[in-house]
Number of protein chains: 2
Amino acid sequence: MESHLSINEVAARTGLSAHTLRYYERAGLIAPVARAPGGQRRYATSDLEWIGFLLRLRETRMSIGHMQVFARLRGEGTGSTPERRQMLESHLVEVEASIEAMQRAARALQAKIEHYRTIEASLQTATQTTGRKAPCP
Amino acid sequence: MESHLSINEVAARTGLSAHTLRYYERAGLIAPVARAPGGQRRYATSDLEWIGFLLRLRETRMSIGHMQVFARLRGEGTGSTPERRQMLESHLVEVEASIEAMQRAARALQAKIEHYRTIEASLQTATQTTGRKAPCP
DNA sequence: GCTTGACTTGGAGTGCACTCAAACTTCTAG
DNA sequence: CTAGAAGTTTGAGTGCACTCCAAGTCAAGC
């Protein structure tokens with residue numbers, strides 16, 4: 001297990017800030033990271049992979065609280081895979097519902113945009129036919 | 001313009017709490033609502049429609065700050081449709097990116113779930129072939 | 001040795017989006 | 001007329017997810 005990346009290198013690679021990396025470790029989302037002799041963090045490749053997965057969870061709006069539970073289960077080893085799978089499955093149900101809600105809402109925004117285009121076109125027409133600026137009714 | 005619904009009726013219809021409806025009004029997301037003689041709010045059908053649209057914006061994670069700008073533009077009348085359309089268009093770009101990110105992340109979760117299933121199956125097989133409970137390695 | 005810059009810690013602070021509290025006033029049913 | 005439900009206001013409080021600060025440590029270059 002290679003252990004070589006500094007906190008700022010990991011920040012650059014993951015897009016998380018060094019602040020947030022320390023915060024995640026303090027919160028128990030990341031297991032205590034290996035340290036160089038002087039106490040500085042040295043992240044292993046496996047840490048990077050785990051942080052990547054945490055980012056997938058964050059992208060799907062899993063709360064820190066749920067991630068804490070998930071990380072704790074992960075720390076308990078292979079025996080906790082059923083619980084972890086169930087957590088992901090029920091989270092995925094919510095995520096898919098949320099994606100559909102966003103898609104529906106996005107279509108409503110699209111419709112509103114079209115509506116505005118129509119209004120703008122008719123205002124433009126009014127200006128052209130009367131030869132004056134559109135009044136403010 | 002019918003003006004008849006009380007705040008709790010609107011809360012029931014929209015899923016927002018009465019607290020939140022007052023907060024939105026104070027924040028300028030909803031224009032001052034008509035009042036009954038005693039000062040109680042009486043929402044018109046047009047208010048309901050607007051609140052519905054605000055909910056679409058909220059579902060797509062538009063911030064209160066942006067909604068305030070949008071609501072202010074709306075209050076300025078038809079002349080502001082180009083700005084409103086541009087706001088929605090650029091917001092929609094973000095929303096679509098966010099939907100795609102969530103979909104990618106959801107596929108990663110799905111893959112992890114499959115991975116867990118595989119692990120569970122092999123643990124189960126080990127238990128069956130050896131006739132004992134899975135040890136904790 | 002000294003400076004510079006990257007790192008460490010615990011605790012405090014920030015911004016967002018609500019959410020509630022306190023002290024009222026008003027409406028409705030009996 | 002009265003009880004109680006429902007509404008009003010302003011300002012304060014909450015929970016989340018960071019984000020920053022102060023005071024200190026450590027390694028490398030001059």
Side-chain angles (χ1 to χ4, degrees), chain A residues 3-44 47 51 53-72 91 94 98 101-102 105, chain B residues 3-44 47 51 53-72 91 94 98 101-102 105:
Chain A
S3 237
H4 43 132
L5 292 166
S6 75
I7 195 163
N8 278 312
E9 286 166 334
V10 174
R13 271 174 178 67
T14 60
L16 290 171
S17 69
H19 282 315
T20 305
L21 284 166
R22 290 194 201 97
Y23 164 70
Y24 276 12
E25 190 173 332
R26 236 194 307 177
L29 300 192
I30 302 171
V33 169
R35 302 300 172 118
Q40 299 191 359
R41 287 172 179 79
R42 290 294 173 259
Y43 290 82
D47 293 324
I51 292 166
F53 188 66
L54 283 179
L55 286 174
R56 299 290 85 68
L57 294 180
R58 193 177 71 156
E59 277 167 356
T60 56
R61 271 98 181 171
M62 183 181 278
S63 71
I64 297 281
H66 282 97
M67 288 193 226
Q68 284 170 333
V69 174
F70 192 87
R72 185 177 52 66
H91 180 57
E94 289 169 29
S98 156
M102 285 190 84
Chain B
S3 237
H4 43 131
L5 292 166
S6 75
I7 195 163
N8 277 312
E9 287 166 333
V10 174
R13 270 173 179 68
T14 60
L16 292 171
S17 69
H19 281 316
T20 304
L21 283 167
R22 289 194 203 97
Y23 164 69
Y24 276 11
E25 189 173 334
R26 238 196 306 178
L29 299 193
I30 302 171
V33 169
R35 302 300 173 116
Q40 301 192 356
R41 288 172 178 79
R42 291 292 173 261
Y43 289 82
D47 292 325
I51 292 166
F53 188 67
L54 284 179
L55 286 173
R56 299 291 85 69
L57 294 181
R58 193 178 71 158
E59 276 167 358
T60 57
R61 271 100 182 169
M62 182 181 277
S63 70
I64 297 281
H66 281 98
M67 288 193 228
Q68 284 170 333
V69 174
F70 193 88
R72 185 177 50 68
H91 180 58
E94 290 169 29
S98 157
M102 285 191 83

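Proteins get letters first, then strands, A, B, ... in listed order; numbering begins at 1 in each.
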Close side-chain approach of B:R42 and B:L5, heavy atoms under 4.5 Å
no

Does some side-chain heavy atom of A:R13 sit less than 4.5 Å from a side-chain heavy atom of A:Y43?
no

Whole angstrom is fine here: how far is it from CG in A:L21 over to P in D:dT19?
12 Å

Just the rounded figure in Å: distance from P of C:dA6 to CZ of A:R35.
19 Å

Using a strict cut-off of less than 4.0 Å between a Lys/Arg side-chain nitrogen and an Asp/Glu carboxylate oxygen, indicate whether A:E25 and A:R22 qualify as a salt bridge.
no

Have a look at B:V69 and tell me which of B:H66, B:R72, B:M67 forms a side-chain contact (heavy atoms from CB on, under 4.5 Å) with it.
B:R72

For every nucleotide of nucleotides 14-30 of chain C, 5' to 3': is a protein heavy atom under 4.0 Å from its base (B), only from its sugar-phosphate (S), or from neither (-)?
---BBBB-----SS---

Could you walk me through whether B:F70 and B:L54 pass the side-chain contact (heavy atoms from CB on, under 4.5 Å) test, one step at a time?
CA-CA 10 Å; B:F70 193 88; B:L54 284 179; over 6 Å; no

